[in-house]
Amino acid sequence: MTTIANSVAAALRELADYAEMAGEDFYKVRAYRRAADTLATWPEDLRALAEAGRLRTIPGVGEAIEKKIMQFLGTGHIEALDRLREEIPPGVLTLRRIPDVGPRTAFRLYAELGITSIAEAERAARAGQIRVLKGLGERSEARILKGIELLNRLSDRVLLAVALPVAGRLRQALRALPTVQAAETAGSLRRLAPTVGDIDLLAATENPALVVDAFTQFPEVAEVVSAGESKATVILQDGLQADLMALPPAHYGSLLQHFTGSQAHNVTLRGWARDRGFSLSEYGLAPLAGGEPIPCATENEVYERLGLAWIPPELREDQGEIAAAASGTLPHLVTDKAIRGDLHVHSNWSDGVNTIEELAQAAIVRGYDYIAITDHTKSLGVAHGLDEARFADRQRDIDALNARLAPFRILSGAEVEVRADGSLDLPDEVLSRLDVVVAAIHTGLRGEADRVTARIVQAIQNPHVDIIAHPTGRIIGERAAMEFDFDAVLEAAAAHGVALEVNATPNRLDLDGEHVRRAIQRGVRLVISTDAHRADSLDYMPFGVAMARRGWAEAADVLNTRPVDRLLVDW
DNA sequence: GCCGTTTTCGGCCCGACTGTTTTCAGTCG
């Protein structure tokens with residue numbers, strides 16, 4: 001799913017990394033990064049824009065970056081980047097992955113010691129070669145060594161579903177401290193990002209130093225990385241990093257705003273504030289003209305004073321939410337409560353753990369009106385996929401349960417395999433008797449992009465298919481998304497009224513927010529489903545709702561917010 | 001390198017913490 005715009009963005013980011021190390025002007029580096037960020041999500045086709053001579057209509061693209069984009073479109077290279085690549089070996093870039101090693105230190109390790117890899121940096125540190133550099137002493141050397149150990153020990157990011165309970169316990173522990181008036185989780189966790197790199201925590205207290213001190217002594221804390229008057233960073237027993245910032249309650253709103261981020265959102269928001277005569281920080285709004293700073297006790301106040309509606313954390317990714325908040329056009333995001341049923345659930349007829357009745361009861365307990373039992377089909381042998389005869393048997397089971405459980409409704413469904421040639425592994429005649437047909441690719445995920453696209457589009461064209469499951473096939477930390485033409489899939493889905501699934505399984509979260517947004521923009525409808533293989537997993541739903549919200553989805557964009565009669569009428 | 005109903009030049013987001021320093025640079029979020 002790499003588009004030309006993504007490739008250009010990647011090249012510009014790399015250029016920024018190199019330029020930063022080479023000591024280029026900070027604002028030049030930032031200009032490259034800003035342009036890269038904008039390009040990565042730019043909806044228009046880059047080649048068409050270039051041909052029309054309209055590249056500079058993209059914000060952040062001026063004369064110099066336009067030239068670089070043209071170079072890339074023409075030759076696949078950017079001259080300035082090629083030159084820097086020759087000057088600085090690519091391995092030097094990787095040094096920045098070491099905590100506390102930034103661009104300047106990385107460059108000096110290379111320029112003065114010839115270090116081009118993390119392994120070499122480790123050897124040099126052990127040999128005591130780093131401490132002799134001006135400005136770096138024994139402690140810096142030890143810090144680098146420790147950073148490398150940390151890097152080797154920690155996996156990059158953890159799943160939202162893993163971090164949330166840990167964060168919840170820490171938040172409770174903070175709230176239980178006597179001087180703490182309020183405590184909240186912030187950062188990417190509060191924005192409900194699919195994965196988080198650390199846990200950010202905030203506390204409102206008249207005695208920040210005391211709270212910071214107490215925090216560093218929580219039993220879950222394995223190691224204190226840094227601790228000051230108002231901030232601390234620790235490593236928890238399970239390897240996660242947690243950051244705390246504490247301030248007096250008068251500042252709590254700006255503190256929450258600041259620590260929730262994202263970084264990109266904050267940068268743009270501060271620019272917005274500056275344009276209106278304020279400097280914004282975690283302490284509040286300070287008039288640029290001088291005068292008393294204005295502390296903000298609530299987050300709403302921060303946005304309000306800047307002439308903006310409060311922005312839901314899930315949207316704070318600098319994807320146009322500030323402009324939308326200014327013009328009163330923020331979406332009314334879909335909520336957990338709006339979901340009336342789960343449309344992708346496996347029973348013990350295939351590879352699920354629970355009986356259909358157990359699943360139905362679990363759905364009833366969760367307040368749902370309906371559930372679709374979507375067992376695997378025969379070609380997925382490993383999952384005890386059902387053949388035509390077993391579907392007929394299962395139908396009798398479902399009919400009997402529906403008679404007993406009404407008005408709750410069990411929908412008879414299947415997760416049908418899309419074969420290599422794009423056909424489905426159940427005959428149309430069987431599909432036509434099902435209430436819900438979910439089509440999915442489980443094999444040939446690494447196929448050529450054109451072929452994968454063609455398979456999905458062909459499945460969409462089958463008149464019985466209602467939903468495409470986990471459309472990109474990514475599994476976080478295990479498998480990248482399939483290479484295919486997402487826009488072509490969106491076009492086909494819109495044309496045939498097929499919904500795309502937002503799969504709520506914590507390590508799938510597929511579609512993610514970015515894809516959801518594109519789908520909505522193209523008029524494609526969504527469903528949010530758990531893909532549960534046991535009754536407990538119906539609780540994954542909020543993670544899927546989170547992805548939909550991050551993609552600006554409203555209830556009307558999501559089919560399973562509808563009552564069952566209005567759900568089936570379109571299918 | 002980008003940008004402009006105050007500007008085509010002089011701005012550009014803000015502050016904590018650390019280490020190695022006598023005032024600050026680098027890193028991070």
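In this structure, B/dG4 forms a base pair with B/dC9, meeting either the Watson-Crick or the G-U wobble geometry with both donor-acceptor distances under 3.5 Å.
Minimum atom distance to the side chain of A/R30 is reached by B/dC12, of the listed B/dC12, B/dG1, B/dG29. Distance from the side chain of A/R274 is smallest to B/dC14 among B/dC17, B/dC2, B/dC14. Of the candidates B/dG1, B/dC28, B/dA16, the closest approach to any side-chain atom of A/S230 belongs to B/dA16. The A/A31 side chain lies nearest to B/dC2 when the options are B/dC14, B/dC2, B/dA16. In the set B/dG1, B/dT27, B/dG29, the nucleotide with an atom closest to the side chain of A/P103 is B/dT27.
Atom name C1', nucleotides B/dG29 and B/dT22: the rounded distance is 28 Å, in whole Å. Taking atom C1' on both nucleotides, B/dC13 is separated from B/dC28 by 14 Å, rounded to a whole Å. Atom name P, nucleotides B/dT27 and B/dT20: the rounded distance is 14 Å, in whole Å. Using C1' as the reference atom, B/dT8 and B/dC3 are 9 Å apart when rounded to the nearest Å. Comparing B/dG26 with B/dT21, their P atoms sit 14 Å apart, to the nearest whole Å. With both ends at atom C1', the span from B/dT23 to B/dT18 equals 15 Å, rounded to whole Å. If you take atom C1' in B/dG11 and the same atom in B/dT7, they sit 9 Å apart, rounded to whole Å.
At the heavy-atom level, A/L269 lies nowhere under 4.0 Å from the strands shown. Among the heavy atoms of the strands lying under 4.0 Å from A/K68 are primed sugar atoms or P, OP1, OP2 only; no base atom is included. In this structure, A/N266 reaches neither bases nor backbone, as no heavy-atom distance under 4.0 Å exists between it and the strands shown. The residue A/A227 sits close only to the backbone: its heavy atoms come under 4.0 Å of sugar-phosphate atoms, none of a base. Within 4.0 Å of A/E63, counting heavy atoms only, lie sugar-phosphate atoms of the nucleic acid but no base atom. At a threshold of 4.0 angstrom between heavy atoms, the contacts of A/E20 with the nucleic acid are absent. Contacts of A/F26 with the nucleic acid, taken as non-hydrogen atoms under 4.0 Å apart, are absent. If you check every strand for non-hydrogen atoms under 4.0 Å, A/V29 touches nothing. Contact annotation for A/S279: backbone-only contact, meaning every heavy-atom pair under 4.0 Å involves sugar-phosphate atoms and none involves a base.
Between A/R270 and B/dC12, a side-chain N or O to OP1/OP2 separation shorter than 4.0 Å is absent. Within the structure, every side-chain polar atom (N or O) of A/R104 is placed at least 4.0 Å from both OP1 and OP2 of B/dA25. Listed pair A/R143 / B/dG19 meets the phosphate criterion, a side-chain N or O lying under 4.0 Å from OP1 or OP2. The phosphate of B/dC13 (OP1 or OP2) has a side-chain N or O of A/R34 nearer than 4.0 angstrom. Between A/S226 and the phosphate of B/dG19, there is no side-chain N or O to OP1/OP2 separation shorter than 4.0 Å. Here A/R139 reaches the OP1 or OP2 of B/dG19: one of its side-chain N or O atoms lies under 4.0 Å away. Residue A/K28 places at least one side-chain N or O closer than 4.0 Å to OP1 or OP2 of B/dG1. The phosphate of B/dG26 (OP1 or OP2) has no side-chain N or O of A/T105 nearer than 4.0 angstrom.
The aromatic ring of A/Y27 sits over the base of B/dC12, with ring centres less than 5.5 Å apart and planes inclined by under 30°.
Contact of the A/P194 side chain with the A/I476 side chain is registered, since non-hydrogen atoms from C-beta on lie closer than 4.5 Å. Residues A/E317 and A/R191 are in side-chain contact: their nearest non-hydrogen atoms beyond the backbone lie under 4.5 Å apart. A/D318 places none of its side-chain heavy atoms less than 4.5 Å from the side chain of A/L269.
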| message | side chain to side chain donor-acceptor pair (under 3.5 Å) for A/H77 and A/D82? Distances and angles first, verdict last. | response | CA-CA 7 Å; A/H77 290 268; A/D82 288 348; 3.3 Å; yes
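Using a 90° window around 0 for the glycosidic torsion, B/dT7 falls inside it and is classed as syn.
With the nearest nucleotide of DNA chain B identified for both A/G137 and A/F259, A/G137 has the one nearer the 5' end. Looking at which nucleotide of DNA chain B each of A/S140 and A/S281 is closest to, the 5′-most match is held by A/S281.
With hydrogens and angles ignored, the 3.5 Å screen pairs a side-chain donor or acceptor of A/Q237 with a backbone N or O of A/P219.
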